[in-house]
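Note sheet for the following structure.
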Amino acid sequence: MTAAIDEMYQKLKAMLGDMAPDVELRVKAKLAVQINQLKQERNAVILGHNYMEPALYHSVADITGDSLELSRKAAETDKDIIVFCGVRFMAETAKILSPTKTVLIPSARAGCSLASSITAADVRALKERFPGVPVVTYVNTYADVKAETDICCTSGNAVKVVESLNVPTVIFIPDEYLARNVARETGKHVIFPMLTPSVGRDAELDIVPMHADMIGWHGRCEVHEKYTVQDILDVRQLYPDVVVLAHPECSPEVTAAADFAGSTAAMIRYVAQTHAPRYLLLTECAMGDNIAAANPEKEMVRMCSVRCPHMNEITLEDTLKSLQMTRYVVEVPEEIRTRAYRSVQRMLAIG
Ligand code: 13P
Ligand code: SF4
């Protein structure tokens, strides 16, 4: 055990030595070794979203990736237990795809501002208002919302999913900015008939314009909505050669001012495959640290520390407790799961 801890500490020090204090890396190395041992004993797999903090991401996650990659891999695994180091809607997707497995999430508080912006009743109201219009739902939603949906999408395949439907109008929920970014890329016109989920709904519904290619919803990611065009201009002034990457949950003004927009996995691939002197990532800041650790020769501009409070709930300490105490078990009622499964499966079939 001591040798394994020392080996893990050396690995973390080599990757993260200039980001975290020595004593922290020693504590985390010990936790990581305990987790990895228990993981084997319990025949568990740990999935780590790209936003996990660097020590966890580089020490215990068997599979890392964006939400689409993780949903796919979760479905393929032959392990008995899936520990999902990510937020609740992601763990629910793993359960939807792997109903016979035990799915655990290390923190019961890992929610998401975007996922909680819309309810299943809201989707039913939209469908009633726009009968026959297919519903495309971003995977950053809870299972009961997916169950009301025709097809899911991720930030990586949203354009492809919308185009695959080949219909004049789609309901696209719940991220306002992702909808606006998809509309920009596909040349579609998007409207937002409901200004807020609960205030003035009837009045808003009554003034729906006649023409729309996309009907959106006013959900926002509390992390990505923080970035502004001014942030990009400020950094470009300091570093004219900086390459700016933005997540499609940023506003369309921000993605238009960036050099590249894509899912977390697409941003990681972009940095790995290009040779710019420095990069600015407009997304959750832990991901910049994870990329910097994996690409020591490339400079990530650390403009800020915009962390997702929900992703930040997932720690090595809680991941260990999750395996020790089999907590927190993620359940999705079977009637909801089967309907949600259909919409996720339709998306996976498209790729
Ligand atoms: P990705 O699907 O790009 O990994 O994004 C997940 C997320 O929560 C973005 O805020
Ligand atoms: Fe939700 Fe935004 Fe956090 Fe992703 S980064 S989990 S969309 S709040």
Side-chain angles (χ1 to χ4, degrees), residues 47-53 57 61 63-74 84-94 97 105-118 136-143 145-146 152-161 172-182 185 217-227 245-251 254-255 258 260-271 281-291 304-314 330 344 347-348 350-351:
L47 307 186
H49 186 263
N50 291 327
Y51 291 162
M52 287 300 101
E53 64 101 354
Y57 188 82
I63 302 165
T64 56
D66 66 10
S67 42
L68 176 61
E69 288 170 329
L70 293 179
S71 344
R72 278 220 181 91
K73 301 279 166 59
F84 210 116
C85 291
V87 290
R88 185 171 182 90
F89 72 78
M90 295 181 180
E92 279 191 356
T93 306
L97 291 167
I105 185 164
S107 167
R109 291 187 303 271
C112 169
S113 66
L114 194 48
S116 49
S117 72
I118 193 160
V136 180
T137 298
Y138 189 28
V139 286
N140 295 28
T141 43
Y142 292 113
V145 168
K146 289 187 176 82
C152 283
C153 73
T154 70
S155 58
N157 64 14
V159 169
K160 205 166 162 184
V161 166
F172 187 99
I173 51 175
D175 188 354
E176 175 191 340
Y177 286 161
L178 183 62
R180 289 192 192 278
N181 280 311
V182 170
E185 246 185 87
W217 186 257
H218 283 279
R220 295 261 186 98
C221 163
E222 68 189 87
V223 173
H224 293 94
E225 72 173 348
K226 288 199 176 88
Y227 290 109
L245 288 76
H247 194 278
E249 289 170 16
C250 294
S251 76
V254 166
T255 56
F260 176 81
S263 76
T264 56
M267 284 193 261
I268 290 171
R269 277 194 297 275
Y270 188 99
V271 174
L281 299 175
L282 300 181
T283 190
E284 217 279 350
C285 286
M287 201 177 92
D289 292 339
N290 290 333
I291 300 184
C304 58
S305 185
V306 179
R307 292 294 329 264
C308 169
H310 312 288
M311 292 281 183
N312 218 2
E313 285 287 340
I314 308 296
V330 176
V344 175
M347 168 189 77
L348 293 177
I350 286 175

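Only this structure's heavy atoms are used, side chains among them; waters, hydrogens and symmetry mates stay out. Just so you know, ligand 1 is whichever comes first in the structure, and atom 1 is the first atom listed for that ligand. Throughout, residue positions are numbered sequentially from 1 according to the sequence presented.
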| query | For ligand 1, is Met267 a contact, meaning one of its heavy atoms is under 4.0 Å away? | reply | no
| query | Judged by atom type as modelled, is there a donor-acceptor pair below 3.5 Å linking the side chain of Asp175 to the main-chain atoms of Tyr138? | reply | no
| Ser263 heavy atoms, cut-off 4.0 Å: which ligand 1 atoms fall inside? | 3 (O)
| message | Residue-level breakdown please: for Val139 versus ligand 1, do any non-hydrogen atoms fall below 4.0 Å on the side chain, on the backbone, on both, or on neither? | response | neither
| request: Under 4.0 Å from a heavy atom of His247: give me the atoms of ligand 1 that qualify, with their elements. | output: 1 (P), 3 (O), 5 (O), 9 (C)
| query | Counting heavy atoms only, which part of Thr154 comes closer than 4.0 Å to ligand 1: side chain, backbone, both or neither? | reply | neither
| query | Does any donor atom in the side chain of Asp66 or Thr264 lie under 3.5 Å from an acceptor atom in the other side chain? | reply | no
| field | From the candidates Met287, His49, Glu69, Glu222, the one that places a heavy atom nearest atom 6 (C) of ligand 1 | value | His49
| message | Between the side chains of Glu69 and Arg269, is the shortest nitrogen-to-carboxylate-oxygen separation below 4.0 Å, so that they form an ion pair? | response | yes
| request: Can you see which heavy atom on Pro106 is nearest to which on Cys85, and at what distance? | output: CG-SG, 4.1 Å
| request: Using modelled atom types only, decide if a donor and an acceptor are shared between the side chain of Asn140 and the backbone of Leu114 within a distance under 3.5 Å. | output: no
| Which protein atoms of type N, O or S are found under 2.8 Å from atom 2 (Fe) of ligand 2? | Cys221 SG
| said: Heavy-atom contact check, 4.0 Å cutoff: does Asn50 meet ligand 1? | reply: no
| request: Flag the pair Tyr177 / Glu225 as yes when at least one side-chain heavy-atom distance between them is below 4.5 Å, and no otherwise. | output: yes
| Arg307 atom CZ: more than 12 heavy-atom contacts under 6.0 Å | yes
| Numbered atoms of ligand 1 (with element) below 4.0 Å of Glu249, judged on heavy atoms | 7 (C), 9 (C), 10 (O)
